[in-house]
Amino acid sequence: MNQTMGASNFIKNIVAEDVQTGVVSTVITRFPPEPNGYLHIGHAKSICLNFELATEFDGKTNLRFDDTNPLKENEEYVQSIKEDVKWLGFDWDNLCFASDYFPEMYQRACILIKKGKAYVCDLSAEQIREKRGTLTEPGQESPYRNRSVEENLGLFERMRKGEFVDGAKVLRAKIDMNSPNLNLRDPVLYRIAHAPHHRTGTTWCIYPMYDYAHPLEDAIEGVTHSICTLEFEDHRSLYDWMVRECEMDNTPHQYEFARLNMTNTVMSKRKLKKLVDEKIVDGWDDPRMPTISGLRRKGYTPEAIRTFAREIGVAKSNSKVDERLLEHFVREDLKLKAPRTMAILRPLRVVLTNYPVGQTEWLDAENNSENPEMGNRRIPFSREIYIEQDDFMENPPPKYFRLFPGNEVRLKHAYFIRCEEIVRDANGFVVELRCTYDPETKSGSGFTARKVKGTIHWIDATHALQAEFRLFEPLVNNAEDEVEDHFLTHINPRSMEVLHGYVEENVRNAHAYAKFQFFRHGYFSVDPKLSSDDQLVFNRAVSLKSSFSI
Ligand code: ATP
Ligand code: MG
């Protein structure tokens, strides 16, 4: 067993015991997404769990597309899922598609029919639901429940051939209409859907339901530990029934863990699709989306997501994780990796009236004060610079230590400057400051005669590069509203702020996804779609500080 992996959890303990007692020789897990949307951070938890578990026990993990519903699935989703799993840092042993097993699934359904364990039912979906009963009332048997094996085989064959319209018939398991577990009250195994499938085309017009397909998929692949979320706990006995009655060679077992829920985060592909379809966001990879592609675009790293998944652990009861915990791991990961440079998000021009016209000097600046290995760079300094608008106040409150008339501050890596004069436009808005600098106070010169309380960042105006900055807030406030689709009423109208300012010139050729810490503003990442040679566009991944402590 590979000892370098994360802490223990109840699923790992089960696997360890199965390996130790020889019940299982090779651990095989799978990540089984339905290609009906892009993956989100909840899926990342499942991906990490499945892949890391197999790695730890020298086992294997399949990436399996549970592509059993042609109405909602497509190739774009398949590609995005593969990309996201790879980006997270995992390699699957086998790439599998449930649709490859359709012929075997059909054969196994015929076995069930021959054993008298399945029948073709003509009730509508609505009628089936009505007759299913409730937790306190038994179900009622379908009038079609006692069709003969021959009749069922014939009808099932005709279903496959396309002789019936959608909804006209289904194949149901014959289990127990009185079972206290509603899932065992003759669940539907197959339905008719005359819809082309993205891989099998029009070969099939009947498609297996999750409860029938999933255990068979696991068994066919020899999966040993089939891990799913808690909602499926009540389906476990049905899972075992399928494996047994379909006479599968392998016997996989299902284990349930708590799904990831996160504050202020919509965590369901169906809902996320709605945000995309209604154009509330700019696609699945909008940086405000909790999708893996959205988080990637925002500037999150696979390392941060993997650490997060490991640290939140694997529990048996549902809870909600604070989204600031994920942000914390992004900061931790980027702290030593991202070069630190200056960016001005809301520029205010400053003219240093006593600095020689036309002169530029080059100042030394370290690229990451916490990581000397990242080396130094030279930054230009001359008579005109930009500072942040909010680093100046005309009438400051007490304890404001940045620029105000008559006050002196330090420019990071440069000199002390003093605010001498305010220039306004016709409307009275401050458009420029006139300051003086003190040549004695150069950073690193050992000047100690005077101290200042504030240090602000700046960019030389003649060398500055224009840039766009995108700052984000939660897309949905109160995503925890349990009422279906209520989340649309909680859309945060200020979820994105777009600013135009400047970055240091040496950021010029930054490639897509390149990450920087902009002093005092946080960690930013170059947007892969909007950024161009003419204008860099940065997404803020996280601000520098959080009130959250772990
Ligand atoms: P959604 O409800 O968002 O559509 P899903 O469960 O229907 O999710 P699938 O594609 O069927 O999506 O899921 C693939 C795997 O990811 C499943 O094993 C599922 O249990 C797991 N998974 C999905 N959501 C979460 C979550 N929030 N936390 C942990 N695992 C999850
Ligand atoms: Mg699903």
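Any value given below was found using the heavy atoms of this structure, including those in side chains, with hydrogens, waters and symmetry copies removed. Please read all numbers here as calculations on a predicted model, not as lab measurements. Both counts, for ligands and for their atoms, begin at 1 and track the order of listing.
- For ligand 1, the polar-atom distance check against K45 finds no nitrogen or oxygen pair separated by under 3.5 Å.
- Of all atoms in ligand 1, listed by their number and element, those nearer than 4.0 Å to a heavy atom of P32 are 14 (C), 18 (O).
- Residue contacts with ligand 1: F257 is included, with a non-hydrogen atom under 4.0 Å away.
- The atoms of ligand 1 that sit less than 4.0 Å from any heavy atom of P33 are 10 (O), 14 (C).
- If you number the atoms of ligand 1 from 1 as listed, the ones under 4.0 Å from a heavy atom of F31 come out as 14 (C), 15 (C), 16 (O).
- Proximity to T229 (heavy-atom distance under 4.0 Å) selects the following atoms of ligand 1: 20 (O), 29 (C), 30 (N), 31 (C).
- Ring geometry for H521 versus F524: interplanar angle over 60°, hence perpendicular rather than tilted (30 to 60°).
- Under the side chain to side chain donor-acceptor pair (under 3.5 Å) rule, D285 has a single partner from R296, K529, K298, which is K529.
- For ligand 1, the polar-atom distance check against K269 finds a nitrogen or oxygen pair separated by under 3.5 Å.
- Smallest separation of non-hydrogen atoms from R331 and S543: NE-O, 2.8 Å.
- Ligand 1 has a nitrogen or oxygen under 3.5 angstrom from a nitrogen or oxygen of E34.
- For a threshold of 3.5 Å applied to N or O pairs, the pair formed by L260 and ligand 1 contains at least one separation below that value.
- Close contacts of ligand 1 with S268, meaning ligand atoms under 4.0 Å from a residue heavy atom, involve 3 (O).
- Here the rule is side chain to side chain contact (heavy atoms under 4.5 Å, CB included) with F57, and of D18, V27, T26, V24 only V27 fits it.
- Between N36 and ligand 1, not a single N/O pair is under 3.5 Å apart.
- Side-chain atoms of E126 and S124 include no donor-acceptor pair closer than 3.5 Å.
- Residue contact annotation: K271 has no non-hydrogen atom under 4.0 Å from ligand 1.
- Considering each of H43, R259, R30, the one bringing a non-hydrogen atom nearest atom 16 (O) of ligand 1 is H43.
- Using a 4.5 Å heavy-atom threshold, the side chains of L123 and Y144 count as touching.
- For the pair K60 (side chain) and N94 (backbone), a donor-acceptor distance under 3.5 Å is absent.
- Other residues, nucleotides and ligands place more than 12 heavy atoms under 6.0 Å from the CD atom of E247.
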